[in-house]
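Beneath this line is the structure, given in structure tokens, with notes to follow.
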Amino acid sequence: MSIILEITPALDSCRKEPLYIQLYEYMRNEIKCGKILPLSKLPSQRKLAEYLKISRNTVDAAYQQLIAEGYIQAEARKGLFVVELKNEQFLINHKDEHAIVESCNMHNKQPSTIRFDFKHGDIDLKHFPYEVWRKITMQMLYSDQSHLLLIGEPQGEATLRQFIAEYLYQSRGVQCSAEQIIIGAGTQFLVSLLCCMIGRQTSYAIEEPGFHRIRFVLKDYGAEIKPIPLDDKGISMTELRKSGAKVAYVTPSHQFPLGTVMPISRRMELIEWARQENGFIIEDDYDGEFRYQGKPIPSLQGLDSHGNVIYMGTFSKSLIPSIRLGYIVLPPVLLAKYKEKFTVYKQTVSRLHQHTLKLFIENGHWERHLNRVRNIYKKRCAVLLTAIKNIMGEQVRVIGAETGLHVLLEPNSKMSEKELIESAMKEGVKVYPVSIYYENPASIKHTMVLLGFAGLDENQIYEGITLLRRAWF
């Protein structure tokens, strides 16, 4: 029997979930249950779309999600194939069809099946301009663009860096030239490059709590880290001065994970500290585009007149995470060091992706997309806060709701972090720990969990919060 006849989901356009989500969830469950066997070849987008009488974009989005989660993989010039899952959870005797069906039925009855995943780092996929991105990507595959198939500049494509420089000045007050920008594959890579440039023997201050992946990078490179506690304005200047650190990694526009927005007074204090220490500030503006009340506060880099601030940004939150395209803006002293010793490192971001993004920005699609998703996330944030207030009331405290794509919840339930997460899981809701962001988890005073809301629509957010109340109270 052709596998296309085995893919018969009951898709319903009236359901709250988009059709691609319905198709993705159906195929994921069929794969996990063994109804679609490992190594099976899947039908093409066109064939499945015709068979199910849905658009190819819908099938493509479902396939892309399955690829992202590792259930299927693409093989060049061959097609899409189901991955053979090695995890013991999915080791099923495919010869016993009755056992497969029973296993699936039992699995679907388990309350731990995830219905709503409040994952930080997810984005809205429904409103991504797939057709535009695909069209621009295809333009690069013509012979007159063949130069893009060769290795490009170590710092990244000059035209893209120029667009980034202009955008940063207009939106964040960052003052730089394209020459100061280094493009790289993600924040961790860029921090590792900075660690090599500044020195592994230097002492680095990090926020406590703070972005754990940066902590791991610095430790792996042998750097000494100094966790600095936070106060209501951000990183504590008193503790920073005591630490002896020469570099401070901070997230001033939206402190991760607590959500504090650093006021101008603290920003100026931090800049003065760097001047006095002849040190550096690494300003990670990871989601500065998403501020929902008032105008964005100027970047540290734009306030610095001494050349001590390194600005860092990314397209992961505002565009797509998988593009792995971030950037740093180097002050003159580090730019000179980069030119002297580090141009030997080749560019880590695909030149094709860089050129696609350049055209995407050049033709106005970036600005339109950013305005669209900013409004979407603003609405979702409002729905989340309203749902929490109406459903949980005074039983929880919300932390960090003015900007960004996540909030923290502090439930008044006397449960531990682990108990909060596990009880939510039993209701089909996935929330995330905050303790991982502490170098010293024993210092945590209040039990909190993290909820990202960008990847869920308004109905899913409301239903998820309803189930969390059932789980915790």
Side-chain angles (χ1 to χ4, degrees), residues 120-121 182 184-231 233-260 262 266-267 269-287 300-301 304 308-314 326 328-331 333-334 337-338 342 400 408 417 432-445 448 450:
H120 173 261
I182 311 292
T187 300
Q188 287 179 295
F189 166 76
L190 291 169
V191 169
S192 67
L193 179 62
L194 287 173
C195 190
C196 292
M197 294 171 63
I198 296 171
R200 304 186 188 197
Q201 306 306 316
T202 305
S203 181
Y204 291 76
I206 59 173
E207 297 167 317
E208 173 78 347
F211 191 32
H212 63 311
R213 299 185 192 280
I214 300 303
R215 185 170 74 240
F216 290 140
V217 169
L218 293 174
K219 283 185 174 181
D220 286 345
Y221 272 74
E224 181 184 20
I225 64 168
K226 300 283 188 178
I228 307 298
L230 307 174
D231 57 28
K233 294 182 179 180
I235 193 167
S236 168
M237 294 307 303
T238 301
E239 296 301 322
L240 178 59
R241 293 188 184 100
K242 289 179 182 177
S243 71
K246 296 297 182 182
V247 181
Y249 169 86
V250 293
T251 50
S253 295
H254 184 220
Q255 199 283 325
F256 188 87
L258 297 184
T260 305
M262 186 181 289
R266 180 58 53 83
R267 291 172 184 243
E269 284 185 277
L270 192 55
I271 288 171
E272 179 61 17
W273 166 84
R275 185 191 69 80
Q276 293 176 353
E277 295 290 336
N278 193 28
F280 294 104
I281 301 165
I282 302 174
E283 176 185 13
D284 189 349
D285 198 13
Y286 66 99
D287 64 357
L300 281 170
Q301 196 273 358
D304 173 36
N308 299 108
V309 178
I310 304 157
Y311 182 89
M312 177 179 294
T314 179
I328 49 177
V329 178
L330 297 179
V333 63
L334 285 183
K337 183 174 289 189
Y338 172 83
F342 293 92
L408 302 187
E417 179 184 83
Y432 291 83
V434 176
S435 59
I436 62 173
Y437 304 118
Y438 285 80
E439 171 69 4
N440 180 23
S443 65
I444 299 175
K445 297 179 181 178
M448 300 172 287
L450 184 147

Point to revise | Whether E283 side chain and Q301 backbone form a donor-acceptor pair below 3.5 Å | key: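 Confirmed, E283 side chain pairs with Q301 backbone.
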Check your understanding: For V217, does its backbone N or O pair with a side-chain atom of Q188 as donor and acceptor, under 3.5 Å?
Key ->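 Judged by distance alone, no pair lies under 3.5 Å.
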Can you give the donor-acceptor pairs under 3.5 Å from side chains of residues 251-259 to other protein atoms, not counting sequence neighbours?
{"unit_1": "T251", "atom_1": "OG1", "unit_2": "E207", "atom_2": "OE1", "d": "2.9"}
{"unit_1": "T251", "atom_1": "OG1", "unit_2": "F256", "atom_2": "N", "d": "3.0"}
{"unit_1": "S253", "atom_1": "OG", "unit_2": "R172", "atom_2": "NH2", "d": "2.7"}
{"unit_1": "S253", "atom_1": "OG", "unit_2": "D285", "atom_2": "OD1", "d": "3.2"}
{"unit_1": "H254", "atom_1": "ND1", "unit_2": "Y286", "atom_2": "OH", "d": "3.0"}
{"unit_1": "H254", "atom_1": "ND1", "unit_2": "D287", "atom_2": "OD1", "d": "3.4"}
{"unit_1": "H254", "atom_1": "ND1", "unit_2": "D287", "atom_2": "OD2", "d": "3.0"}
{"unit_1": "H254", "atom_1": "NE2", "unit_2": "T403", "atom_2": "O", "d": "3.1"}
{"unit_1": "Q255", "atom_1": "OE1", "unit_2": "L258", "atom_2": "N", "d": "3.0"}
{"unit_1": "Q255", "atom_1": "NE2", "unit_2": "E207", "atom_2": "OE1", "d": "3.2"}
{"unit_1": "Q255", "atom_1": "NE2", "unit_2": "P209", "atom_2": "O", "d": "2.9"}

Point to revise | Taking every non-hydrogen atom, the tightest pair across S435 and E417 | key: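 Distance-wise, the nearest heavy atoms are OG-OE1, 2.6 Å.
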Practice item. For residues E208 and N440, report the shortest heavy-atom separation together with the two atoms involved. Key: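 Residues E208 and N440, closest heavy atoms: OE2-N, 3.0 Å.
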Review point. Does I214 have any side chain to side chain contact (heavy atoms under 4.5 Å, CB included) partners at least two apart in sequence or in another chain, and if so, which?
Key: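 Here the qualifying residues are T187, V191, F211, L218, Y249.
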Point to revise | Counterpart residues, side chain to side chain contact (heavy atoms under 4.5 Å, CB included), relative to P331 (two or more places apart) | key: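 Listed in chain order: F280, I310, L334.
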Among all residues two or more places apart in sequence or in another chain, which pass the side-chain hydrogen bond (donor to acceptor under 3.5 Å, both in side chains) test with [X]?
{"X": "Y438", "result": "none"}
{"X": "S192", "result": "none"}
{"X": "T202", "result": "none"}

Exercise for review: Provide the full list of side chain to side chain donor-acceptor pair (under 3.5 Å) pairs with a residue in residues 234-245, sequence neighbours left out, each pair given once.
Suggested key: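 Pairs touching residues 234-245 that pass the test: none.
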Practice item. Return each pair, listed once, that meets side chain to side chain donor-acceptor pair (under 3.5 Å) where at least one residue sits in residues 215-229; pairs must be two or more places apart or across chains. Key: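 Those involving residues 215-229 are R215-E439, K219-E439, E224-K226.
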Interatomic spacing from [atom1] in [X] to [atom2] in [Y] - rounded to 0.5 Å:
{"X": "I182", "Y": "F189", "atom1": "CD1", "atom2": "CZ", "value": "9.5 Å"}
{"X": "M262", "Y": "L270", "atom1": "CE", "atom2": "CG", "value": "5.5 Å"}
{"X": "L230", "Y": "T260", "atom1": "CG", "atom2": "OG1", "value": "6.5 Å"}
{"X": "I282", "Y": "Y311", "atom1": "CD1", "atom2": "OH", "value": "14.0 Å"}

**Study point:** Residues which pass salt bridge (charged side-chain N to carboxylate O under 4.0 Å, His left out) with R275, listed by chain and number, not counting sequence neighbours
**Key:**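 For R275, the residues satisfying salt bridge (charged side-chain N to carboxylate O under 4.0 Å, His left out) (neighbours in sequence not counted) are E272.
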Practice item. Could you tell me whether the side chain of T314 reaches within less than 4.5 Å of the side chain of L190, counting heavy atoms only? Key: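 Side-chain contact under 4.5 Å: no.
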Review point. Hey, does F342 have a side-chain heavy atom less than 4.5 Å from the side chain of M197?
Key: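 In contact.
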**Study point:** Mutual orientation of the aromatic rings belonging to F216 and H212 [parallel < 30°, tilted 30-60°, perpendicular > 60°]
**Key:**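 If you compare the ring of F216 with that of H212, the planes turn out perpendicular.
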Exercise for review: Check the pair I281 / N308 against side-chain contact (heavy atoms from CB on, under 4.5 Å), numbers first and verdict last.
Suggested key: CA-CA 6 Å; I281 301 165; N308 299 108; 5.6 Å; no
Review point. Which pairs, with at least one residue in residues 245-258 and sequence neighbours excluded, count as a salt bridge (charged side-chain N to carboxylate O under 4.0 Å, His left out)?
Key: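 Found K246-E277.
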